[in-house]
Amino acid sequence: MARRGAPARGKDKAAGKGKAAGGNQAAGKGGAESAKGRKGGGRGSGRAEREPVSQQVGGGLAELIPDRERPGAWTLLIDGAPQSHVDLDDPAHLSFAYQRRLGHVIDLAAPPLQPLHVLHLGGGAFTLARYTAATRPRSTQQIVELDAPLVQLVRDHLPLDPQARVRVRATDAREGLGRFPDGWADLIIADVFGGARTPAHLTSAEFLAEVRRVLKPEGRYAANLADGPPLAHLRGQVATAAAVFPELALAADPVVWRGRRFGNAVLLASALPLPVAEFTRRVASDPHPGRVEHGRALTDFTGGAAVVTDAAAKPSPTPPPSVFENP
């Protein structure tokens, strides 16, 4: 789960705190996949030193930990929960499973190298924005991240490529979304967690209606979700998305699908048919293989769950402490 965000990958005070996060895995963007490495600064702080960096930000204690195996890589943690992994030397490298699945979404959004207009709700360490800039040069990207101190920490120690066309707005995710014109985005990626939970106001049909408004007619929406047994939150999110988008697919680890473990799931939605076969193939061939469901199987998965509205919305469930333990 991403943990940073604008009331969604950003911190949210309307519904909890929701940091706009760059990628929270299984309840902390990197969640279930432990952060490899130690802490450290980035190019901006003398990358050669590879010293840990710790600083209080809006969402808690932020730590930058150098990866032991990749000289230019760092993991961002917030209050001990992995949020993002970034390789400054190879921004196309995605370490966390949920980020790889979102990377597949980016790859399949248009023909190779074609620039996109991408809106990231939740910033974290800007991992997916860096990936998009590296794989689709000349893309125009906007990041909405509520935690301004976190944004500054990332800028100082893990600077963006100056050639990347990425703008960062420090505001609530839903509020920031509302400022975009109709049909602006080819792709909207939501990865916002506050206290390892998705803020309530980013889980409703009203929120998704705004997402669809900002998307181009052929645009796609992808969200990093997190849940555990009995998967009630995930079922409700699928049912809610189905009320707004006619085409859906959901990717998750087999153990998450079976309700045996708390983990991440990537929801993909659009008004037009999705590249389900290729998405399924890529997710299945990942280092940590996942399973994709769509169509009738996904409808059956919801089990008649109710559509979530603003009036009844609740934050996603709190992950168990074991989610953040190193294997």
Side-chain angles (χ1 to χ4, degrees), residues 1-2 22-26 29-33 84-85 87 90-116 118 120 127-137 139 185-191 215-227 231 234-235 237-238 241-242 245-261 263-302:
M1 314 171 169
N24 209 345
Q25 237 162 195
K29 311 180 174 193
E33 287 183 54
S84 300
H85 181 278
D87 190 329
D90 181 10
H93 174 76
L94 298 176
S95 179
F96 295 160
Y98 89 89
Q99 289 184 330
R100 286 193 294 273
R101 289 165 192 165
L102 289 171
H104 298 325
V105 171
I106 295 167
D107 292 343
L108 297 173
L113 299 179
Q114 180 176 310
L116 298 174
V118 185
H120 302 267
T127 303
L128 294 170
R130 298 172 199 268
Y131 179 86
T132 303
T135 60
R136 294 182 177 278
S139 289
D186 294 295
L187 179 62
I188 295 177
I189 299 174
D191 187 8
L215 283 172
K216 295 178 180 179
E218 70 281 11
R220 295 171 186 168
Y221 170 68
N224 177 29
L225 308 175
D227 198 10
L231 301 180
L234 195 55
R235 296 177 202 278
Q237 287 302 285
V238 173
F245 294 98
E247 302 290 336
L248 301 177
L250 186 69
D253 291 350
V255 290
V256 174
W257 277 116
R258 292 194 291 269
R260 294 182 179 176
R261 179 172 66 76
N264 295 77
V266 169
L267 176 66
L268 181 58
S270 179
L272 299 180
L274 297 165
V276 175
E278 181 60 16
F279 184 51
T280 299
R281 187 190 69 76
R282 294 187 182 213
V283 169
S285 62
D286 276 340
H288 291 85
R291 192 175 93 223
V292 175
E293 294 289 4
H294 69 289
R296 180 57 183 273
L298 191 54
T299 299
D300 291 345
F301 167 75
T302 65

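Excluded from the calculations below are hydrogen atoms, water molecules and symmetry mates; all remaining heavy atoms, backbone and side chain alike, are included.
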Please round to the nearest 0.5 Å and tell me the distance separating atom CG of L250 and atom OG1 of T302. 11.0 Å
All heavy atoms of P254 vs all of G290, minimum pair found to be CD-CA, 4.2 Å
Hey, are the side chains of T132 and L187 touching, using non-hydrogen atoms and a 4.5 Å cut-off? no
Salt-bridge present (R101, D253; N to O < 4.0 Å): yes
So which atom in H288 and which in A97 form the shortest heavy-atom distance, rounded to 0.1 Å? CB-CB, 4.4 Å
So CG of D186 and CD of Q114: to nearest 0.5 Å the spacing works out to 7.5 Å
Report yes if the side chains of E293 and F301 come closer than 4.5 Å at any heavy-atom pair, otherwise no. no
Please report the shortest heavy-atom distance between V292 and A249, naming the atom on each side. CG1-CB, 4.1 Å
Value for CG (L102) from CG (N224), rounded to nearest 0.5 Å, stands at 6.0 Å
Given side chains that start at C-beta, do those of L234 and W257 come closer than 4.5 Å, heavy atoms only? no
Just say parallel, tilted or perpendicular for the rings of Y221 and F245, cut-offs at 30° and 60°. parallel
Closest non-hydrogen contact found for G219 with S270 is O-OG, 3.0 Å
Tell me, yes or no, whether the heavy-atom count around R260 atom CZ, taken from other residues, nucleotides or ligands under 6.0 Å, exceeds 12. no
Below 4.5 Å, heavy atoms only, C-beta onward: do L274 and L108 meet side chain to side chain? no
When rounded to the nearest 0.5 angstrom, what is the spacing between OH in Y131 and CG in D87? 13.5 Å
As an exercise, state the distance from CG of L268 to NE2 of H294, rounded to the nearest 0.5 Å. 11.5 Å
What I'd like to find out is whether the side chain of H93 reaches to under 4.5 Å of the side chain of H85, using heavy atoms alone. yes
Least distance between heavy atoms, P287 atom then P289 atom: O-CD, 3.3 Å
Considering all heavy atoms of both residues, which atom of V105 and which atom of A222 are nearest to each other, and what is their separation? CG1-CB, 4.0 Å
Could you give the distance from CZ (R100) to CG (L128), rounded to the nearest 0.5 Å? 12.0 Å
Salt-bridge contact D286-R282 (side-chain N to carboxylate O under 4.0 Å): no
Side-chain heavy-atom pair R220, E247 within 4.5 angstrom cut-off: no
